[in-house]
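This report concerns only the one structure given below.
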Amino acid sequence: MEFGPIVRSLFHNKTRFWLVTLEIALTLALVINCAVYILDMGSKMNRDTGMDIENILVVHTEPVSPDFKDETFLSQVRDEDLRLLAAQPGVLSATAFHQIPLSGSGSSAGRRAEGSDLNTIVIPYYLVTMNALRTLGAELESGRDLMASDYPPAGQDDIRDDDGVQRFNVLVTRSFADKLFPDGDALGKAVVNNDGTSVQTIVGIIKHMNNSWPTSDFGSDVMLFPLKPGTAERMRYLVRTRPGGLDALAATLEESMLTTNPDRIITLTSLAEVRDDTFSEDVALVKIFGGVIVLLFVVTSLGIFGLASFSVTERTRQIGTRRALGATRAAILRYFLIETWVITGIGLTLGTGMAFGLNMALASIADSPRLELPLLLTGIVVFWLVGMLAALLPAMRAMMVPPVLATRTV
Amino acid sequence: MLEMKNISKVYRTEHVETHALSELTVTVEAGSFVAVMGPSGCGKTTFLNTAGLLDTFDTGTYHLDGQDVSKLKDREMSRIRNEKIGFIFQTFNLIPDLNVFDNVDVPLRYRGMPAGARRQAIQESLDIVGLSSRLKHLPSQLSGGQQQRVAIARALAGTPRLILADEPTGNLDSAMANDIMDLLEKINETGTTVIMVTHDPELANRAHRQIHLLDGRQIDLEMDEPVPLAGDRAATVGE
């Protein structure tokens, strides 16, 4: 092996050597951090939502009649709609929601365990009618589902005790329960807002479901509130069908609902489409980052190829001399591959430091995910292989230089 | 040491055929010092390339150190070049990015010698050429004469049986040229066969024997024509 002479020789061509080395280092740092983002986003997007999203239809209604400003009328329409939706062929369950999970839009509040001095934690919540879990396809882990008695009596929009404190029974996800009650005994416990004017008793724990921001750190924290949703501006329903029944329902539902009450605009979409729409920017970013990775690999491979080609062309006579002195073709091939190996190796060593540095910088300003060692090692191996492949053609050209070139004077 | 019979070499382009060597027959005894002379284009370098296994030939047979090298594979020719032949080039052909030590080390590495033995061989050959104090110098930091000495050290380091020198003094002034010739004579005195291509009759006269080439053939200088040879056209290479 000729490591020593090759390294010493490289350092005599400092500018060319460092340019390619830095290109490799920068490329590794950028590629690895793009890959970190892609993998992180991919894992978040592919995460189980805890819901039967392929079979859930989202029904948006926008009332155009002033009649809907009347709470009694609004409540009446909601009840009629829910009865209509539940009666449709193939429908398993229907529930009114004030916001749609996975949509990127929702409501949240601050809550802490009752009696705790800790700060409140953000908890996305949904005001829902009955059967919300069945409609979502979410699994109740312990406790019970919301019942009619958990809702305010007819004519009331709230439940308050004698001290004026709002009191409700609620469902929360295991993720949120574990945050406020790390000992795992959340069932039957209460959570309160910061000033103690709103108290919710946990009567059931949902095994898992995503809220409106599934890729966020609190994407699995949910609280379901037994308060009937709906305003004069909009009403939203989720309707769960039997597997495969969603399209058939969508084809006839608008007409059926308009028959009940024509003074509204109805929009239908599946929950899967809602999720895809929410992820569309992330998907676009993943594609862009993927493109950047490919581009960087191509540019750097061309850089290595160019350096190796130039190096062979510049040293054709020198290669002839080496052949004259006894180098076999294999030895010449090995020389140029080792040279590229050394350049790539030094570049990747520098790039490793730069990759970690960039990752820490991004983490500090944009809360990006941490770079894991296996990913870095994979990147290094792939890069090394790409580098060697890029140098292979010029090295093979060098291998074919005949020894007789040593005595050519031109 | 070297026995060529009826060696021919033709360079072909689309329209032209150039007969670089025409049925050349040459014998060089082991331990001799031979100068190869002739005008430009007479085939001196082609002869040297063929003798040094740097290039192949079209017809004829060639025995080097008793071994038929006419039809060797590339890898075997590389091994013979590395172990039996030392090359000295007109333009020195040192590797500019390597220092003196590493330049001399090049053929030894191809031989796969252990580091200690290589270091000793390099030191000894640089002692012979008087440059053992310049180990870390780059070729660009040396004079032309010193560079050629390094090239000679590189040729010597592998203790070859044959030294092939292609106009070794062509790029040097007369004083340096004399130094180099002194060195070649000193090397030859140790039993190493030296074949030197040169234009300079004065330097050629310092060789034991001379071969004169014209149009790829050996000629008799007095007749100035190809030597009429009996039978296999064996050339008499003599003083």
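Being a predicted model, the structure only gives us computed values, none of them experimental. In what follows, chains carry the letters A, B, and so on, assigned in the order in which the sequence lines appear, proteins first and then strands, with residues in each chain numbered from 1.
A heavy-atom distance below 4.5 Å is found between the side chains of A:Pro5 and B:Arg109.
How far CZ of A:Arg322 is from CD1 of B:Ile95: 3.5 Å, rounded to the nearest 0.5 Å. Expressed to the nearest 0.5 Å, how far CZ of A:Arg329 lies from CG of B:Asp74 amounts to 4.0 Å. A distance of 11.5 Å separates CZ in A:Arg323 from CG in B:Asn82, rounded to the nearest 0.5 Å. We find the CD1-CG distance between A:Ile6 and B:Asp97 to be 11.5 Å, quoted to the nearest 0.5 Å.
Across all non-hydrogen atoms, the minimal contact from B:Phe89 to A:Thr321 is CE1-CG2, 4.2 Å. The minimum heavy-atom distance linking A:Ala327 with B:Ser78 is given by the pair O-OG, 3.4 Å.
Around atom CD of A:Glu281, no more than 12 heavy atoms belonging to other residues, nucleotides or ligands sit under 6.0 Å away. In A:Met396, the CE atom is not crowded: 12 or fewer heavy atoms of neighbouring residues, nucleotides or ligands sit closer than 6.0 Å.
Heavy-atom distances place both the backbone and the side chain of A:Ala324 under 4.5 Å from chain B. Heavy-atom distances place both the backbone and the side chain of B:Asn93 under 4.5 Å from chain A. For chain A, no part of B:Arg111 is nearby; none of its heavy atoms comes within less than 4.5 Å.
Inspection of the B:Asp166 and A:Thr407 side chains reveals no N or O donor paired with an N or O acceptor under 3.5 Å.
Contacts between residues 190-197 of chain B and chain A, counted as heavy-atom pairs separated by less than 4.5 Å, involve no residue at all. By a heavy-atom distance cut of under 4.5 Å, B:Leu138 are the residues of residues 133-142 of chain B near chain A, going up by number.
A:Tyr37 pairs by the ring-ring contact (aromatic ring centres under 6.0 Å, His included) definition with A:Phe289, not counting sequence neighbours. With sequence neighbours excluded, the residues satisfying ring-ring contact (aromatic ring centres under 6.0 Å, His included) with A:Trp341 are A:Phe3, A:Trp384.
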